[in-house]
Amino acid sequence: MLISTTSGICLLLFSVSTVAMKLSCSIVHPLPIASERHLFNSIHSTLRKQEDYEEVCIIASAKVNDTDDAVIFPKQRHIELFYPTIPVLGSDLFRQLDEATLNLELRKGTVNELLFGTSKLNHLKISDTGLSRFEVLPVYDYTLQTLVIHERLITVLPTNVEFLAGLKMLDLSGCSLTVVDLSRLSGLSLLSVLNLADNQLSSVEASELVELPALTKFDVQQNELSRIDRFPEIFPALKFTRIMQNRWDCEWVSEVRDKIWRKNITVLGTDFRCGRRINNGGLCCSYAHPFRARLAIAKALLSVLDELSAASNDASVGAQTKDPLITFKVFENETIDGVIGVEMRNVGIYLQDPIGAV
């Protein structure tokens, strides 16, 4: 009797485990298509047409565990899992999506870890789920075009992100990245949009040979950056950038402004309140060393005085001589200390202490 009862229990458990979980839409709502929900909306301000929207299947409060062998998703082009509870989202779940599903969004709820595997998805977005770990299977995927992650617990680039060879847009804004090595993205030859805004970036690194040839939009606003080496050369196709609200070094800003101008790159947004920092063409910045700021101010001031002196000489002397009566100069030695001097014909008078002296 005991044996038969136990067998019955085993059969019962087996039958339950083979039942697939079937998910259905809680609501179907028209939303802008995923590919149109990109950054730099200010330059895409035209009114949307009806064909720019699609029906989104919103599945609310879905609970999926590791023990669930099969999940049946609705045959919808766009699915949004709203407040899902999926502690570990493995690659098997992506394979179980219907072939018709091209866009998947996970919003709110709980998704602690995610392993992205081969799927037919074109667009994947995860936001406010508590995600702390995102990995990609080390198998090349040429289908996914858009990856958007807005998760404060994400502190590093997704592992194996370079295997997403078809990626055109990578949006990691609103995370907690501190360092980004662009060498990790060098294999993404189609990547045209990179958004790293609103992180904690102190460094964006890249080796001398790294280039992102297709990148046209680059956003690093609201970080802790002081400079980006080889910018914008590392992005030969760059058209738009947003770089305000950082801790830029003024010398880097001056250097980059000239490059941006020559490459006809549009800089979106400006800094308005710089406090005690300098506003250099719309970007708040400070000099790495205080004497550099004093040197820059001295150069600007003496340049104006020199022009005024030359104009005065021309008015009084006329065409009799081409040499100005007084010449203002800033001399810099190997220590980059600046010395202000005044020269008058063959006589020179200079300040005893350099600008760099404390």
Side-chain angles (χ1 to χ4, degrees), residues 20-26 28-39 52-60 62 64 68 70-109 111-129 131 133-151 154 157-173 175 185 187-195 214:
M21 173 183 290
K22 187 174 182 179
L23 301 177
S24 58
C25 304
S26 303
V28 177
H29 187 72
L31 288 175
I33 59 177
S35 60
E36 292 299 322
R37 285 183 254 166
H38 43 57
L39 70 164
D52 293 332
Y53 291 80
E54 68 173 349
E55 290 187 344
V56 177
C57 168
I58 300 176
I59 303 174
V64 181
D68 295 323
V71 179
I72 301 176
F73 286 91
K75 294 183 179 181
Q76 296 283 339
R77 178 183 172 87
H78 188 120
I79 293 177
E80 177 183 318
L81 296 177
F82 182 61
Y83 270 99
T85 300
I86 312 175
V88 179
L89 200 164
S91 58
D92 290 340
L93 194 66
F94 289 100
R95 284 192 286 267
Q96 295 179 55
L97 290 168
D98 190 86
E99 292 185 357
T101 303
L102 301 180
N103 310 322
L104 178 64
E105 182 171 347
L106 309 171
R107 189 160 62 96
K108 305 291 184 179
V111 180
N112 298 326
E113 298 182 11
L114 188 151
L115 176 61
F116 180 78
T118 305
S119 72
K120 297 185 180 298
L121 288 178
N122 292 157
H123 311 283
L124 174 62
K125 179 178 180 180
I126 309 103
S127 58
D128 303 318
T129 67
L131 185 70
R133 183 178 180 185
F134 187 106
E135 293 188 9
V136 179
L137 282 177
V139 178
Y140 283 104
D141 181 292
Y142 297 91
T143 306
L144 192 69
Q145 300 175 19
T146 301
L147 175 59
V148 180
I149 303 175
H150 302 319
E151 298 285 355
I154 293 293
L157 284 176
T159 304
N160 297 325
V161 66
E162 61 272 19
F163 283 90
L164 301 177
L167 209 60
K168 295 181 180 179
M169 173 180 171
L170 178 59
D171 184 349
L172 299 175
S173 59
C175 295
L185 309 178
L188 305 181
S189 59
L190 301 179
L191 190 68
S192 62
V193 177
L194 178 59
N195 188 356

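Closest approach of P158 to I149, counting heavy atoms only: CG-CD1, 4.1 Å. When all heavy atoms are compared, the tightest approach of R95 to T118 is CG-O, 3.5 Å. Here the closest heavy-atom approach between residue P74 and residue S24 is recorded as CG-CA, 4.0 Å. A pairwise comparison of heavy atoms in I126 and E151 identifies CG2-OE2, 3.3 Å as the closest pair. In terms of heavy-atom proximity, T101 sits nearest to Q76 at OG1-O, 2.7 Å.
Applying the salt bridge (charged side-chain N to carboxylate O under 4.0 Å, His left out) criterion to E162, with sequence neighbours excluded, gives R184. For K108, the salt bridge (charged side-chain N to carboxylate O under 4.0 Å, His left out) partners are D128, not counting sequence neighbours. Residues satisfying the salt bridge (charged side-chain N to carboxylate O under 4.0 Å, His left out) criterion with E135, sequence neighbours excluded, are R133. Legend: residues meeting side-chain contact (heavy atoms from CB on, under 4.5 Å) with L188, ordered by chain and number and at least two apart, are L167, L185, L191. With sequence neighbours left out, the ring pair (Phe, Tyr, Trp, His ring centres under 6.0 Å) criterion links F134 to no other residue.
Although no hydrogens or angles enter the test, the distance criterion places no donor-acceptor pair under 3.5 Å between the side chain of S119 and the main chain of F94. Within the 3.5 Å criterion, the main-chain N or O of H150 finds no donor-acceptor partner in the side chain of S127. With hydrogens and angles disregarded, no donor-acceptor distance shorter than 3.5 Å links the side chain of Q96 to the backbone of F73.
One distance of note links CG of N112 with OG1 of T85; it measures 10.0 Å at 0.5 Å rounding. A distance of 7.0 Å separates CG of L106 from CG of L114, quoted to the nearest 0.5 Å. In this structure, CG on L97 lies 6.0 Å from CD1 on I79, to the nearest 0.5 angstrom.
In summary, of the residues considered (N195, L147, L194), a side chain to side chain contact (heavy atoms under 4.5 Å, CB included) with D171 occurs for N195 alone.
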When the side chains of residues 136-145 are checked against the rest of the protein, which donor-acceptor pairs come out under 3.5 Å, sequence neighbours left out?
| unit_1 | atom_1 | unit_2 | atom_2 | d |
| --- | --- | --- | --- | --- |
| D141 | OD1 | T143 | N | 2.9 |
| D141 | OD1 | L144 | N | 2.9 |

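Counting non-hydrogen atoms of other residues, nucleotides and ligands closer than 6.0 Å to CD of E55 gives a total of 12 or fewer.
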